[in-house]
Amino acid sequence: MSNVPARTALVLGGGGLKGFAHIGVMRALEERGIRPSLIAGTSIGALIGAAYAGGMSVSEMEARAVSLRRRDLFRINHVGMLFERMRSPSLYLEEPLRDLCAAVSPQGTFDDLKTPVLVNTVDVERGTRVVWGLPGLCNVPVVDAVYASCALPGFFPPGYVGTRSCIDGGTIDNLPISIAALGADAVIAVDVGSFEVERPRDISSQGFAAIYMRAATLMMHALQARPLAEWSGPPMLLVRPDVGRHHWFSFTHAQEIVNAGYEAARTALDRCGDALCDGSGVYPRSMVSVRVDRDRCIGCGTCVALAPRVMALDAQRKAIVTATPLQWSPADGDFVQHCPTEAITVQLLDGTRRTTRPMSDPTLDTGETRAAGR
């Protein structure tokens, strides 16, 4: 059994079908005897978290994930698109997603759940976040809140939870760590949706849906980066499965995605040790070396603006690193990928291991990265 506090909150982020990695994470936690005292989720994180809290086994969730097909979820809203056109509430019909939520979510209200669950949504009319399952927000059907949290704007119609019209909580907060941390002694957060901002090829030619999802990913990444970098709550284990190469709605790699979650959780738990019991900040941590290619640096100052404690400009207006090596968590180093000329490189100092990904996650892979490009 891993040494984690009894009051440990599990936070599952949104990310389309990349969220199947949450299932693998849960398997890794079970193997170590870790049972969260609370589960919070957004979108598919809410769906999987509610299913788990309702008693569905990891094996059953995995079987459902592997067997899911596109026709089970996406059916074009032909009537709405034809007759309502721009006034149609969504590109896809509500029923398939609603049926999926009903099939896996526990019956009844949040008050009926043995393990507390928080489902993150956004009230689209009031423009405010509503986290169902909090005190005063429990007497609603769990399935209604889960559907609303999964209702990606434009793709699916908003869902009514009580009297509120709600949409995907990722619109405001894709990884609801702050609300989940209230009363918790530790947090395990699983980010599958927005930490890797890789470069797609010729995104402008892939259609409006691809452009929309790209914009949503960038938005979620920006909204999420600062709360993680400035985290001052209880110690957090940040798990980031290697699923960035998969599309948000990739139905053909479900098993691979589940396995990625399992391996990422095992690695993070091994590297974290007992830090969740007596530490603070975000884990796991690694020693890294940061350097700047002066020939590439144009002196724009973006890195200094984003990371003034790490970067500065010298007399020639070239970026310099004020201190290296550094101890970084997966929440550090987001500024690296914003360098417009890819002048900043980061290398792990953990034996021979180096990184090939943006330093929003310096704990995986081998090789070296220059800013955001692989």
Side-chain angles (χ1 to χ4, degrees), residues 4-15 19-27 29-30 34-58 60-61 64-65 97-98 100-123 129-151 159-162 164 166-170 172-193 233-234 236-237 239 261 265:
V4 300
R7 296 192 303 174
T8 296
L10 175 63
V11 184
L12 307 177
F20 288 157
H22 295 318
I23 301 171
V25 171
M26 288 174 167
R27 183 179 295 283
L29 296 180
E30 281 192 350
I34 300 173
R35 183 79 184 187
S37 59
L38 175 144
I39 302 175
T42 297
S43 193
I44 192 169
L47 179 69
I48 292 175
Y52 191 66
M56 184 174 291
S57 69
V58 170
E60 182 177 352
M61 284 192 285
R64 285 178 175 270
L97 177 58
R98 172 74 68 173
L100 175 63
C101 293
V104 303
S105 299
Q107 301 297 311
T109 69
F110 288 87
D111 285 324
D112 300 322
L113 299 175
K114 293 182 179 179
T115 299
V117 172
L118 303 180
V119 172
N120 189 35
T121 70
V122 170
D123 184 322
R129 180 166 70 162
V130 184
V131 182
W132 303 99
L134 289 174
L137 296 169
C138 292
N139 192 27
V140 296
V142 175
V143 65
D144 289 349
V146 169
Y147 169 81
S149 188
C150 293
Y160 274 94
V161 190
R164 294 174 178 263
C166 296
I167 59 173
D168 189 340
I172 289 180
D173 187 358
N174 199 45
L175 193 67
I177 50 177
S178 297
I179 197 71
L182 296 177
D185 295 321
V187 175
I188 298 174
V190 187
D191 176 16
V192 298
M236 180 197 304
L237 178 69
V239 180

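Start at 1 with the first residue, then count along the sequence.
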Could you tell me whether the side chain of [Y] reaches within less than 4.5 Å of the side chain of [X], counting heavy atoms only?
{"X": "Thr115", "Y": "Leu38", "value": "no"}
{"X": "Phe20", "Y": "Ile44", "value": "yes"}
{"X": "Leu175", "Y": "Thr42", "value": "no"}
{"X": "Leu137", "Y": "Val140", "value": "no"}
{"X": "Ile188", "Y": "Leu29", "value": "yes"}
{"X": "Pro176", "Y": "Val131", "value": "no"}
{"X": "Trp132", "Y": "Asn120", "value": "no"}
{"X": "Thr121", "Y": "Arg164", "value": "no"}

Say you draw a straight line from [atom1] of [X] to [atom2] of [Y]; how long is it, rounded to the nearest 0.5 Å?
{"X": "Met61", "Y": "Arg27", "atom1": "CE", "atom2": "CZ", "answer": "9.0 Å"}
{"X": "Leu182", "Y": "Leu134", "atom1": "CG", "atom2": "CG", "answer": "8.0 Å"}
{"X": "Ile34", "Y": "Met26", "atom1": "CD1", "atom2": "CE", "answer": "12.5 Å"}
{"X": "Leu10", "Y": "Leu237", "atom1": "CG", "atom2": "CG", "answer": "10.0 Å"}
{"X": "Leu100", "Y": "Cys150", "atom1": "CG", "atom2": "SG", "answer": "7.5 Å"}
{"X": "Arg35", "Y": "Thr8", "atom1": "CZ", "atom2": "OG1", "answer": "13.0 Å"}

Handout entry: Residue pairs fulfilling side-chain hydrogen bond (donor to acceptor under 3.5 Å, both in side chains) with at least one residue in residues 135-147, sequence neighbours excluded
Key =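 Residue pairs with at least one partner in residues 135-147: Arg98-Asp144.
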
Problem - Heavy-atom pair with the smallest gap, counting every atom of Ser149 and Gly41 - result: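 Between these two residues, the closest heavy atoms are OG-O, 4.3 Å.
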
Exercise for the section: Please answer whether the main-chain N or O of Gly14 pairs with a side-chain N or O of Ser43 as donor and acceptor at a distance below 3.5 Å. Expected result: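 Checked: no pair found.
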
Exercise for the section: Ignoring hydrogens and angles, tell me if any N or O in the side chain of His22 forms a donor-acceptor pair with the backbone of Asp191 under 3.5 Å. Expected result: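 No, because the side chain of His22 does not come within donor-acceptor range (under 3.5 Å) of the backbone of Asp191.
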
Handout entry: Under the side chain to side chain contact (heavy atoms under 4.5 Å, CB included) test, residues paired with Asp112 that sit two or more places apart
Key =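 Only Thr109 meet the side chain to side chain contact (heavy atoms under 4.5 Å, CB included) criterion with Asp112.
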
Handout entry: salt bridge (charged side-chain N to carboxylate O under 4.0 Å, His left out) contacts touching residues 178-190 (sequence neighbours left out)
Key =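 Listed by first then second residue: Arg7-Asp185.
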
